[in-house]
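Data block below; observations after.
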Amino acid sequence: MKDKIMLLLYEWKHIARQSAVWILFFFFFVIAGYAIYSGNVLTKNKLSAIEEAKKESVKDYHNTLQAFTDTASVEKKQQAENAGNPYVIDYRYPRIAFDQPYPLTGLASGIKDITPVTEKVNYYTDYAAIDREMINPSILFEGRLDLLYVNLYLIPLLIIVLAYNVISSEKEKGISNLLIVQGGSLKKVLFGKLLTRLIIIFLAAFMVNVLGMLLSPSGFPSVKDAFLWIFLLFSYCVLWISLCFVIIALDGNSAFNLFTCIALWVFLMFLLPLAINKTAQMQHPSDLKLLDLEEKDRQISDEVWAMKPKMVVDSFYRNFPRYAPAYIPSDTIDNQNDAFFAGYYYIKQNRMKAVIDSLWEGDQKANQTAYRLIRYNPVQSTEHLFTLLARTSRADYHGYKQDVKDFQYEWQTYFYDRVFSMKDRTRTIAKFTPEELKKLPTFTIKHHNVSISEFISGTVFLWMISLGCWIGGLVLIRKFKQ
């Protein structure tokens with residue numbers, strides 16, 4: 001045990017005496033520091049946008065409240081009489097939903113750097129103005145540097161640069177026999193060198209990642225998520241040390257080791273992801289066509305408006321049976337009543353949704369295929385797990401959109417309960433009072449918990465590859481030339 005400790009201390013001193021190593025770590029910390037700054041800027045911008053949306057909502061509230069008492073003119077008096085009308089409230093004081101950044105968002109922005117952070121929620125969904133997930137082409141072109149980039153791309157390079165010649169350089173210098181005398185065997189020396197480098201690199205990565213958590217503008221993550229993040233980071237470091245070990249065990253010279261390690265890095269980082277994306281796109285070609293959604297929305301609006309009132313009204317009561325008691329014969333006479341408007345928006349929403357879904361069907365299937373395939377690439381699999389912990393994955397964004405949809409349904413029900421209110425068996429619009437404006441439904445962000453089973457399966461995959469590399473390396477190292 002004492003010999004092992006002495007070997008580790010010797011290797012630590014040996015590394016510390018190399019100025020190139022200090023320069024390497026200097027640039028690593030500089031890049032990591034900028035990544036933290038970049039991630040924090042993204043988070044602050046999101047928080048600022050949410051704060052602005054909330055201020056705008058407060059302004060809407062005061063303007064709506066003022067309309068109840070503003071009777072300075074005949075027109076204002078008429079507006080004051082209708083100030084509590086549900087339609088007026090929905091227009092003047094719409095609900096807002098916001099995608100509150102999770103504390104780890106700045107560390108792994110995922111797709112959240114190109115998705116909207118706030119949106120208005122009305123009693124109907126305006127699919128003509130629906131977001132397409134990607135709204136900022138400049139960010140897509142430039143990319144965004146965050147700690148996820150540092151963890152996935154730079155840490156493996158750091159491991160490769162420090163580990164590729166741990167034995168080959170000593171053999172080339174002719175001092176491997178001396179190391180064997182001091183360390184006991186070439187295998188022990190190799191293990192000691194790799195372990196020292198693993199400890200140094202992981203500690204450096206640990207420091208910058210914890211610093212990123214501490215400096216997060218949206219707060220510190222839960223202890224569980226912080227632990228899972230660090231454990232995943234350690235697993236990824238072990239993976240790359242293991243990959244380097246099996247290449248070193250081939251007993252090539254330093255140039256061979258470096259070239260092979262870099263080739264493997266390029267393959268896992270770029271070539272394999274490209275192959276996965278191309279495979280997904282070939283299986284599910286994108287049929288996304290250029291389409292003016294606003295023009296399509298007007299076309300569908302005209303079609304639905306031209307429908308017979310009875311068909312439109314019946315569609316509403318059939319799909320919203322709770323309001324069936326509010327039916328009156330005059331609903332089907334013309335298109336100037338609440339039941340017709342409700343049916344009109346219901347049919348229009350469904351038709352527009354069908355158009356949107358058909359546009360994105362191929363892309364969604366391609367994304368699902370790619371998601372299944374990335375599990376076989378340890379780099380993409382790790383990236384997916386990091387974004388899951390940061391709540392910035394595509395699945396998290398879809399979860400947020402589903403929460404918005406659920407809230408829109410809640411507000412729609414609250415709205416229709418007022419429009420189709422029954423009093424003494426007579427349908428009447430129940431207007432809001434100024435006091436009731438404070439009790440309107442509000443959106444609450446839900447950061448969905450990470451699936452532990454998915455996280456475990458992903459990390460087990462990393463450890464299985466690492467174990468396979470160590471076993472393979474141990475088999476190859478028996479043929480090592482002393």
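For this chain, numbers begin at 1 and follow the sequence in order. The model shown is predicted, which means the values in this text are computed figures rather than measured ones. Only heavy atoms go into these numbers, but all of them, side chains included; no hydrogens, no water, no symmetry mates.
Under the 30°/60° scheme for interplanar angles, the aromatic rings of F206 and F202 are found to be tilted. Taking the six-membered ring for Trp and thresholds of 30 and 60 degrees, W305 and F340 have ring planes more than 60 degrees apart, a perpendicular arrangement.
A salt bridge links K353 with D357: the distance from a Lys NZ or Arg NE/NH1/NH2 to an Asp or Glu carboxylate oxygen falls below 4.0 Å. Salt bridge K112/D99: present, at least one basic N to carboxylate O contact under 4.0 Å. We find that R375 and E454 are not joined by a salt bridge, their nearest charged nitrogen and carboxylate oxygen being 4.0 Å or further apart. One finds no salt bridge joining E51 and K55 here, because no Lys/Arg side-chain nitrogen approaches an Asp/Glu carboxylate oxygen to under 4.0 Å. Under the 4.0 Å criterion applied to side-chain N and carboxylate O atoms, E436 and K439 are not assigned as salt-bridge partners. With salt bridges taken as basic N to acidic carboxylate O contacts below 4.0 Å, one links D417 and R322. Between R351 and E303, at least one side-chain N (NZ, or NE/NH1/NH2) sits under 4.0 Å from a carboxylate O, which counts as a salt bridge. We find that R318 and D314 are not joined by a salt bridge, their nearest charged nitrogen and carboxylate oxygen being 4.0 Å or further apart.
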Step-by-step ring pair (Phe, Tyr, Trp, His ring centres under 6.0 Å) determination, Y416 to F316: CA-CA 11 Å; Y416 282 151; F316 170 70; 5.4 Å; yes
Chi angles and distances behind the ring pair (Phe, Tyr, Trp, His ring centres under 6.0 Å) call for F461, Y376: CA-CA 9 Å; F461 174 63; Y376 302 103; 7.2 Å; no
F443/W411 under ring pair (Phe, Tyr, Trp, His ring centres under 6.0 Å): CA gap, chis, key distance, verdict: CA-CA 10 Å; F443 179 79; W411 169 239; over 10 Å; no
Residue pair Y124, D90: steps toward the side-chain hydrogen bond (donor to acceptor under 3.5 Å, both in side chains) verdict: CA-CA 10 Å; Y124 64 92; D90 182 72; 5.8 Å; no
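No donor-acceptor contact under 3.5 angstrom links the side chains of T428 and T426, judged on distance only. Using modelled atom types, one finds a donor on one side chain and an acceptor on the other under 3.5 Å when comparing Q402 with D406.
With rounding to the nearest 0.5 Å, the separation of OH in Y102 from CG in D225 is 3.5 Å. Within the model, atoms OH of Y317 and OH of Y323 stand 11.0 Å from one another, a figure rounded to the nearest 0.5 Å.
Across every non-hydrogen atom of L162 and V21, the tightest pair is CD2-CG2, 3.9 Å.
At a threshold of 4.5 Å between non-hydrogen side-chain atoms, the residues F231 and Y236 do not count as touching. Between L157 and I262, the closest side-chain pair of non-hydrogen atoms falls below 4.5 Å.
Of the possible polar contacts, none joining the K46 side chain to the T105 backbone as a donor-acceptor pair under 3.5 Å is found.
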